[in-house]
Amino acid sequence: YFNVWRARSRWLENHFYAPMLYLEVAGHMWHFKYPLADGVTYEYVEKDEDGNVTLRETRDYISIATTRPETMLGDGAVAVHPSDERYAPIVGKLCEIPVGPKEHRRLIPIITDEYPDPDFGSGAVKITGAHDFNDYQVAKRGGIPMYRLMDTQGKMRADGAGYAQCAETAQDIAGGREASEAEVDALNLVPESYRGLDRFEARKRVVADITAEGLAVMTMSDDPRLGGKPKKTKGEEPAPMVEVPLVEAKPIMQPFGDRSKVVIEPMLTDQWFVDAEKIVGPALDSVRSGEVKIVPESGEKTYYHWLENIEPWCISRQLWWGHQIPVWYGPSREVVNGVETLNFEPGQLVHFVARNAEEARAKAAAHYGHEGTEKIIVLRSFDRDPPKNAEDGNLDPMSGAIAATQRAGYDPEGTIPIVQDPDVLDTWFSSGLWPIGTLGWPEDSDELARYFPTSVLVTGQDILFFWVARMIMMQLAVVDKIPFHEVYLHGLVRDAKGKKMSKSVGNVIDPLEIIDEYGADALRFASAAMAALGGVLKLDMQRIAGYRNFGTKLWNATRFAEMNAVYDHYDPAAGVPSDLSQTANAWIVGETARVREEVDAALAAYKFNDAALGLYAYVWGKVCDWYVEFAEPLLASEDTAVQAETRQTMGWVLDQCMILLHPFMPFITEELWATTAKRPNMIVHADWPSYGASDLINSAADKEMTWVITLIENIRSLRAQMHVPAGLKLPLLQLELDEAGQAAWDRNAALIMRLARVESLHLVDALPKGAVTLPCEGGVFGLPLSDAIDVDEEKERLSKSMGKLEKELGGLQGRLNNPKFVASAPDEVVEENRERAAQLQDEISKLSAAVDRLAELA
RNA sequence: GGGCGGUUAGCUCAGCGGUAGAGCACUACGUUGACAUCGUAGGGGUCACUGGUUCGAUCCCAGUACCGCCCACCA
């Protein structure tokens, strides 16, 4: 299904594969002199920004800055920037690596490349292609050989031929002789005195040796840490300046193994690659065409960016767990004059791709010209466990396996050994096949037919590239189908400080602890309420506590209804209250239908927060705050028809609360469902309601209840501001009221009086002394506060609310008076503004009338 | 270094062309028979900054600053 190849990669392993962690560490930058070959000298000129010469001297060396002296042994070149005039005279010349046995020092060319920064260090960079990411690029561009210096244990190589011989061969290759990657890799350019040393120990030795030889760049310093002498006593004598090697302190970002806590060593090794470019096209197309949709849309941006810039995908991993790569290596076979020789050199191996070892043996037998498979033996891949093969540090599976076999006392003589690649497949290469792999593929199973492709993949946004993109790519490559139609990327839960939770960092919050404290429903509801698209979820305990309270609220409302509601009158999913005589009942039915539509729309758009918060506002703000209150007088009504209607409606409304909330609070709703009535089903099996807002919203009831609620709120507000004791009932004065208002009052007088704590209504022609004005839509009421009223306070209250209204009106009028606004804005916006302005005018005039009355009193 | 996202009330976050919202916290009052894990009423915001587009910008565009995440050989 895939184009794969095995190639040298810069991918790097230390003891084992592990996630990397970049840490800033205090590094050192050494400066060394690379002597020029053949007695070449040049005029080294340094200038400041203005072009003034600050230094001019004749040099027979080029100065190099490095943080990794031990890798000098593997240098292939010294690079300078093409625009760097300082080194222009010596570009193309050779210089000598100042380390190793004097008689066998290698000469390397001075080349130009865009990579070196002329303003950094000396402006000249040593190029060690096999042990540095950036150097690798330069080496690749310039055809510079890459010499590997270390083994898998992070030690300087101890394998292969002696240094002198290797250095000579390297010199030949550098001089232009053709050589394979394997041949270059086989060269061990580590001098005998450093062989087998740990890389950090080798670094110390290299620095010491170069410095001892006088090839370190020197500087003057009084810093005792750098070799200067400590000051004697304070002040008397300045510390003496002495010549010391130039070593700059330099913070460097260094990759550490997340588990091993060891500095990761970039190193060339052989790896398997998948030609990602080949399989990425269809994956890009499927998203571009909309066949696969990613929400939120920003995920698509990220997806494109990644896939458009994709590189060959390295699928080899050096760890124990995973699917071992199904490739077996064997020696190459040559027959010269009828004599068969087998070549076990790492670069000369052949490989067999097979489903299992038996198949590999068969393929190998055929390859080597044997009829049976008896002579082909499968060696055990060498063990990766560091303590067991510490002496190897070997990158070559074949010789490692042979060595291990021999250690175990077996003699492979007379057989042809083959050995499976010890690496395993990248986790994501394996799990990329999850959509079909879990359903029985490659069998043509019923499950595949039924569940593949699936509808929605829900996952974290951080995994988009790792997994989601790979699944799309791989399913298209393998079965030529998209794996799912939509991808919903949710945010990540972070800790209170906004950090990603991590087991190794230890800032993980255990959901079970939250559940113990607040309940599973509260946690679940909070998760939904905080799941804004593309957002980040900082776990906020107070908010979870708030949603626990919400559950309690629902519980209490149901408890109230227990005595009053009738649950079995309407079918909770299909039945809908109709022909309601009471406005309050008709109103709450409409509100319910409205929230159901909102919730459906929100869920369809993956806006779980809108759905959860909409339900919260409905259940708490509409049902509990108002409907339950409205229902009380209706339930106490002597009219049994009103009573029955209200009981039935309340039962229906609470059923709807439970059903709609069930996805968000499954436990409490299931419990309430079971305890409120005898039900044929658990709520989890209840049908989701389908009634629409347009069918159920009674706009007259809607308008009337809005009027009632506003009036009650205004009376309450006024009472609070005028410091009327909460328990005190007041008479209400009606100064003027239009027909609609009157009708609304008549139908809801009991509710209003109860909820606003009004004891009676009196029609008056004028508000008496000591009454405060209470405008409402279509009329003016007043509250007599007798001597309690403070005229100044009331004046202040009126002018304050007038001020607010006038400010808003000013803005509106400014807009309406702007001809460009009227011309450019949509008609409905202009109309809305006009209506609002008129409304404000009306309220302001009512308030100013009240101010006038107040003035008369004074 | 590259990419993505964020910066809105004291805190945690919604909103994203028509002048700003929630929960918590805060203030005052309250044991009115569902609920003090509660009720009622309130205070609180030059929507990071600077420009631009527009009749109009928290919202769109450009830039700046800071923060976070992912990737870091690829970017």
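By convention in this document, chain letters (A, B, ...) are assigned in the order of the sequence lines, proteins followed by strands, and residues within each chain are numbered from 1. What you see is a predicted model; the values in this text were computed from it and never measured.
- Contact annotation: A:Lys807 does not reach the phosphate of B:U19 (side-chain N/O to OP1 or OP2, under 4.0 Å).
- Here, B:U54 and B:G2 have their P atoms 33 Å apart, quoted to the whole Å.
- Look at CZ on A:Phe465: it is 20 Å from P on B:C69, rounded to the nearest Å.
- Whole-Å rounding puts the A:Ile310 CD1 to B:A75 C1' distance at 12 Å.
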Exercise. Pairing of RNA chain B as dot-bracket, 5' to 3': ( ) intra-strand, [ ] crossing, | other strand, . unpaired, with Watson-Crick or G-U pairs under 3.5 Å?
Worked result: (((((((..((((....[..)))).(((((.......))))).....(((((..]....))))))))))))....
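- Donor-acceptor pairing under 3.5 Å, judged by distance alone, is present between the side chain of A:Arg548 and the base of B:U37.
- Distance noted for atom C1' between B:U64 and B:A22: 32 Å (whole Å).
- Within a 6.0 Å radius of CD in A:Glu277, no more than 12 heavy atoms belonging to other residues, nucleotides or ligands are found.
- Between A:Lys553 atom NZ and B:A34 atom C1' there is a gap of 8 Å when expressed in whole angstrom units.
- Using the six-membered ring where Trp is involved, A:Phe465 and A:Trp306 have ring planes that are tilted, between 30° and 60° apart.
- Neither OP1 nor OP2 of B:G56 sits under 4.0 Å from any side-chain N or O of A:Asn818.
- The aromatic rings of A:Tyr488 and A:Phe608 sit perpendicular, their planes meeting at an angle over 60°, well past the 30° parallel limit.
- Map A:Val623 and A:Lys804 each onto its nearest nucleotide of RNA chain B; the residue landing nearer the 5' end is A:Val623.
- A sub-4.0 Å separation between OP1 or OP2 of B:C70 and a side-chain N or O of A:Trp467 is absent.
- Separating the C1' atom of B:G3 from that of B:C11 is a span of 31 Å, rounded to the nearest Å.
- The A:Trp306 side chain lies nearest to B:A75 when the options are B:G39, B:A75, B:A41.
- Note on ring orientation: taking the six-membered ring where Trp is involved, the planes of A:Phe550 and A:Trp620 are parallel (angle under 30°, cut-offs 30° and 60°).
- Only the P atoms considered, B:A9 is 9 Å distant from B:U46, to the nearest whole Å.
- The phosphate of B:U54 (OP1 or OP2) has no side-chain N or O of A:Lys820 nearer than 4.0 angstrom.
- On the P atoms, B:G21 is 13 Å away from B:G43, given to the nearest whole Å.
- Remark: C1' of B:A34 and CG of A:Asn549 are 15 Å apart, rounded to the nearest angstrom.
- When the C1' atom is used for both B:U19 and B:U8, the distance is 14 Å, rounded to whole Å.
- The gap from the C1' atom of B:C49 to that of B:G44 amounts to 23 Å, rounded to the nearest Å.
- Following rounding to the nearest Å, A:Tyr303 (OH) and B:A75 (P) show an atom-to-atom distance of 19 Å.
- Contact of A:Lys301 with B:C4 (side chain to base): no donor-acceptor pair of N or O atoms is detected under 3.5 Å.
- For the OP1/OP2 pair of B:C70 and a distance below 4.0 Å, the side-chain nitrogens and oxygens of A:Thr302 include no atom meeting the criterion.
- The cationic atom of A:Arg470 (NZ for Lys, CZ for Arg) lies less than 6.0 Å from the six-membered ring centre of A:Trp313 and within 45° of the ring axis.
- Heavy atoms from other residues, nucleotides or ligands lying under 6.0 Å from CG of A:Asp516 number more than 12.
- Side-chain N/O atoms of A:Ser760 and A:Lys729 include no donor and acceptor closer than 3.5 Å.
- In this structure, the CZ atom of A:Phe525 is 12 Å from the P atom of B:C24, given to the nearest Å.
- Atom C1' of B:A20 sits at a distance of 23 Å from the matching atom of B:C61, rounded to the whole Å.
- A:Phe466 pairs in a ring-ring contact (aromatic ring centres under 6.0 Å, His included) with only one of the listed residues (A:Phe429, A:Tyr303, A:Trp428), which is A:Trp428.
- Atom pair A:Glu308:CD and B:A75:C1' shows a separation of 12 Å (rounding to whole Å applied).
- Remark: P of B:C74 and CG of A:Leu307 are 17 Å apart, rounded to the nearest angstrom.
- Relative to the side chain of A:Arg716, the nucleotides B:U32, B:U40, B:A25 differ in distance, and B:U40 lies closest.
- The side chain of A:Phe466 has B:C71 as its nearest neighbour among B:C71, B:U19, B:A34.
- Between A:Asn585 and A:Tyr627, the side chains place a donor N or O and an acceptor N or O closer than 3.5 Å (distance only, hydrogens not considered).
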